[in-house]
Student: 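Pasting a structure here, questions to come.
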Amino acid sequence: MENNISNINDSSKEKSKNFIYEIIDEDLKTNKWNGKVHTRFPPEPNGYLHIGHAKSICLNYGIARDYTGKFNLRFDDTNPTKEDQEYVDSIIEDVKWLGGDFEDRIFYASDYFDKMYEWAVLLIKKGKAYVDDSDPETMRGLRGTVTEVGTESPNRNRSIEENLDLFNRMKNGEFKNGEKVLRAKIDMSSPNMLLRDPVMYRIIHSEHHRTGNKWCIYPTYDWAHGLEDSIEGITHSICTLEFEVHRPLYDWFLNELEIHHPQQIEFARLNLTYTVMSKRKLLELVEQKFVDGWDDPRMPTISAYRRRGYTPEAIQNFAEIIGVAKRDAITEVAVLEHAIREDLNKKSQRVMAVLDPLKVVITNYEGEEELEAVNNPEDAEMGHRKVPFSKEIYIEKSDFMENPPKGFHRLIPGGEVRLRYAYIIKCDDVIKNENGEVVQLNCSYDVETKSGTGTSTKKVKGTIHWVSVKEAVDCEVRLYDRLLTVEDPASEKDKDYKDLINPNSLEVVPNAKLEPFVKSAKPGDRYQFERQGYFCIDTKYTTKEKLVFNRTVTLKDTWAKTGGKK
Ligand code: ATP
Ligand code: MG
């Protein structure tokens with residue numbers, strides 16, 4: 001595994017220059033682009049962006065930022081059948097949120113359709129493109145294989161005039177889908193199959209989300225992409241490794257047209273353990289309701305991560321940590337979670353929350369008081385808050401055990417435990433219902449053990465969190481686990497990834513209790529629930545009546561085991 005949690009060096013922000021930076025440094029030295037650096041992120045608006053796209057955005061934007069260059073957002077909207085304005089809107093929002101600053105440079109490949117058409121005509125005139133009537137199946141048959149050369153289409157030697165006429169009529173809608181294509185005339189015996197007269201235009205009678213019914217011929221990726229880069233004056237066209245074999249084609253078109261010719265550079269795409277990443281699969285998960293939308297917090301999309309409470313800074317750090325490689329690999333999802341934890345640890349307001357409440361009555365306590373709690377031990381400037389304490393509190397059911405195993409340092413019958421920011425209590429009585437379930441503990445406290453000011457030197461091994469019953473705020477908490485049950489779904493050759501979905505990826509805790517500090521919170525606010533993890537108020541299900549929290553990521557529980565220090 002390329003990136004695993006054990007070889008991550010905490011907060012090492014030392015920037016290691018990846019091979020793309022080396023290429024750019026060299027270009028600047030030789031003045032190849034007159035000192036310019038211009039990158040782009042070119043999504044097809046056929047789905048929401050995922051964490052792999054985030055890597056690409058961070059890389060492309062990061063380069064523009066580091067070299068004081070420019071970064072474009074460009075929609076590669078060349079296929080009307082799968083694209084939608086909803087996706088365009090979500091992509092803009094996600095790129096902005098992630099910090100990819102494209103300023104006012106949002107472009108659409110569909111705005112270049114006229115120009116692309118003109119260039120296609122130019123190639124026809126040069127004798128470098130022709131209209132083929134072969135149906136897709138015949139064309140496939142004539143293409144040859146890796147070991148056998150292809151066969152030229154009978155239409156390959158049409159006259160330029162005939163090609164110009166047919167291409168014009170293709171554009172004018174005289175033919176049905178699939179009846180004709182425009183192909184580049186390159187080499188049917190090229191060892192690179194992609195150079196065997198690739199298709200440049202196909203007929204698709206479909207309404208486009210931006211150009212409406214103006215066009216019924218649409219450019220293919222290979223034909224369109226270099227032109228888009230060229231029009232925008234891109235210098236470094238960075239894409240994922242699977243496009244390496246397409247590069248000769250990228251170069252061929254630009255050379256034939258003799259227009260601005262960016263350098264295509266490939267890097268390894270991001271794969272994550274326990275995750276499927278292709279938009280096709282993510283769309284399937286949404287459409288078949290395995291999740292409740294593209295932003296379901298179990299999805300690997302940017303919108304899901306945002307809703308779940310991930311921060312843009314943490315995702316940027318993640319992109320930095322994993323770096324850029326030339327070889328495909330799979331990164332542990334734990335590396336991403338580590339980056340999230342590191343960031344949230346520095347930023348998060350701490351509160352106490354009891355997810356599975358057990359009532360505790362402190363029999364010798366009278367009245368009520370407010371205790372001082374630290375807002376964030378990592379950031380003194382975040383100060384303190386008051387937490388109400390009273391005779392009745394909730395503790396976590398799992399913090400009490402009647403028959404504890406060895407090494408259980410929390411509450412047991414007759415045992416003692418420290419209440420975080422409060423007192424040491426002793427469990428005197430265990431109250432059960434008719435089914436024998438523990439429903440209440442009667443405890444006593446020792447006033448001298450008050451956190452911070454108490455004079456007692458008594459020490460206990462465990463410290464637990466709690467919430468005062470009277471002031472407790474009710475909420476629902478949603479706990480997420482991995483969406484898939486296996487590390488590398490792609491390696492399960494004979495299984496559909498849908499059969500690998502974790503049936504317990506969502507657990508809803510209906511009745512959690514929170515300290516009243518969260519009363520003024522708004523959707524999207526993030527907290528650390530002490531000893532539990534990082535949580536964020538859900539933007540979708542939270543209403544005036546009901547607070548809903550998402551668990552962003554679990555916490556490594558350190559302080560509860562450190563001997564009950566305050
Ligand atoms: P998918 O294969 O996941 O459906 P895609 O490649 O079809 O995605 P595009 O909209 O074409 O999606 O991608 C936009 C940009 O994001 C491209 O430059 C592509 O190389 C890059 N990209 C897509 N997936 C990843 C990934 N997993 N890691 C890094 N970059 C990626
Ligand atoms: Mg694609």
Side-chain angles (χ1 to χ4, degrees), residues 2-3 18 20 39-64 71-79 81-84 86-88 90-92 94-95 98 100 102 106-110 219-222 224-226 228-229 232 234 236-247 250 262-287 294 299-305 315-316 318-331 333 335-336 488-490 497:
E2 185 82 343
N3 295 293
N18 64 54
I20 302 178
T39 60
R40 86 287 177 260
F41 173 65
E44 186 184 353
N46 60 353
Y48 281 58
L49 298 181
H50 53 60
I51 185 76
H53 295 119
K55 174 177 178 173
S56 176
I57 295 165
C58 291
L59 174 63
N60 279 290
Y61 169 68
I63 287 171
F71 166 73
N72 291 1
L73 171 60
R74 178 206 313 144
F75 290 98
D76 198 3
D77 55 350
T78 52
N79 183 357
T81 57
K82 293 185 189 158
E83 296 164 3
D84 200 273
E86 177 195 346
Y87 299 135
V88 171
S90 76
I91 289 170
I92 294 173
D94 289 351
V95 176
L98 199 56
F102 47 83
I106 299 189
F107 299 110
Y108 296 85
S110 55
T220 55
Y221 176 89
D222 283 321
H225 203 80
E228 298 161 19
D229 285 341
E232 291 173 19
I234 299 302
H236 301 86
S237 174
I238 300 164
C239 60
T240 37
L241 274 185
E242 68 273 21
F243 291 103
E244 195 167 15
V245 287
H246 295 245
R247 186 173 358 117
Y250 182 96
Q263 180 182 2
Q264 177 178 308
I265 303 169
E266 307 85 14
F267 72 100
R269 64 168 47 233
L270 172 69
N271 298 298
L272 276 185
T273 55
Y274 300 101
T275 308
V276 286
M277 202 96 89
S278 99
K279 282 189 274 191
R280 184 182 63 75
K281 290 178 182 160
L282 298 180
L283 177 65
E284 210 168 49
L285 290 171
V286 173
E287 284 183 337
W294 286 95
M299 292 280 272
T301 57
I302 297 180
S303 55
Y305 287 141
I315 297 176
Q316 290 157 10
F318 168 68
E320 194 83 46
I321 291 169
I322 58 175
V324 178
K326 262 269 173 210
R327 192 169 44 84
D328 272 321
I330 180 161
T331 297
V333 71
V335 176
L336 174 61
D488 183 7
Y497 76 95

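Start at 1 and go down the list; that is how both ligands and their atoms are numbered.
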Student: Please find the pair of heavy atoms, one from T39 and one from I234, that lie closest to each other, and give the distance.
Tutor: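 The answer is O-CD1, 3.7 Å.
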Student: Ligand 1 and F267, any nitrogen or oxygen pair closer than 3.5 angstrom?
Tutor: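 There is no such contact.
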Student: Pairs of nitrogen or oxygen atoms closer than 3.5 Å, one from S278 and one from ligand 1: do any exist?
Tutor: no
Student: Please check if any side-chain donor atom of E86 sits under 3.5 Å from a side-chain acceptor atom of Y48, or the reverse.
Tutor: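 Side chains of E86 and Y48: pair found under 3.5 Å.
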Student: Is the distance between the ring centroids of Y221 and H225 under 6.0 Å?
Tutor: yes
Student: Short list, please: which atoms of ligand 1 are under 4.0 Å from a heavy atom of P43?
Tutor: 10 (O), 14 (C)
Student: Counting only heavy atoms, tell me which of H50, R269, E44 gets closest to atom 6 (O) of ligand 1.
Tutor: R269
Student: Is there at least one pair of N or O atoms, one from H53 and one from ligand 1, spaced under 3.5 Å apart?
Tutor: yes
Student: With rounding to the nearest 0.5 angstrom, report the CG to CG distance, N72 to D229.
Tutor: 9.5 Å
Student: What are the atoms of ligand 1, with element, lying closer than 4.0 Å to any heavy atom of F41?
Tutor: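 Listed by number with element, the hits are 14 (C), 15 (C), 16 (O).
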Student: Using distance alone, determine whether T240 and ligand 1 share an N or O pair under 3.5 Å.
Tutor: yes
Student: My understanding is that we take every heavy atom of each candidate and find the minimum distance to atom 31 (C) of ligand 1. Doing that for G52, P42, A319, which one comes out nearest?
Tutor: G52
Student: List every atom of ligand 1 that sits less than 4.0 Å from any heavy atom of M277, numbering the atoms from 1 in the order shown and giving each element.
Tutor: 3 (O)
Student: Looking at D328 and R269, what are the two nearest heavy atoms and their distance?
Tutor: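 Shortest heavy-atom contact: OD1-N, 3.5 Å.
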Student: Please report the closest heavy-atom contact between W294 and M299, naming both atoms and the distance.
Tutor: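 So the minimum-distance heavy-atom pair works out to O-CB, 3.7 Å.
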Student: Using ring pair (Phe, Tyr, Trp, His ring centres under 6.0 Å), reason through F318 and Y305 one step at a time and then give a plain yes or no.
Tutor: CA-CA 13 Å; F318 168 68; Y305 287 141; 8.9 Å; no
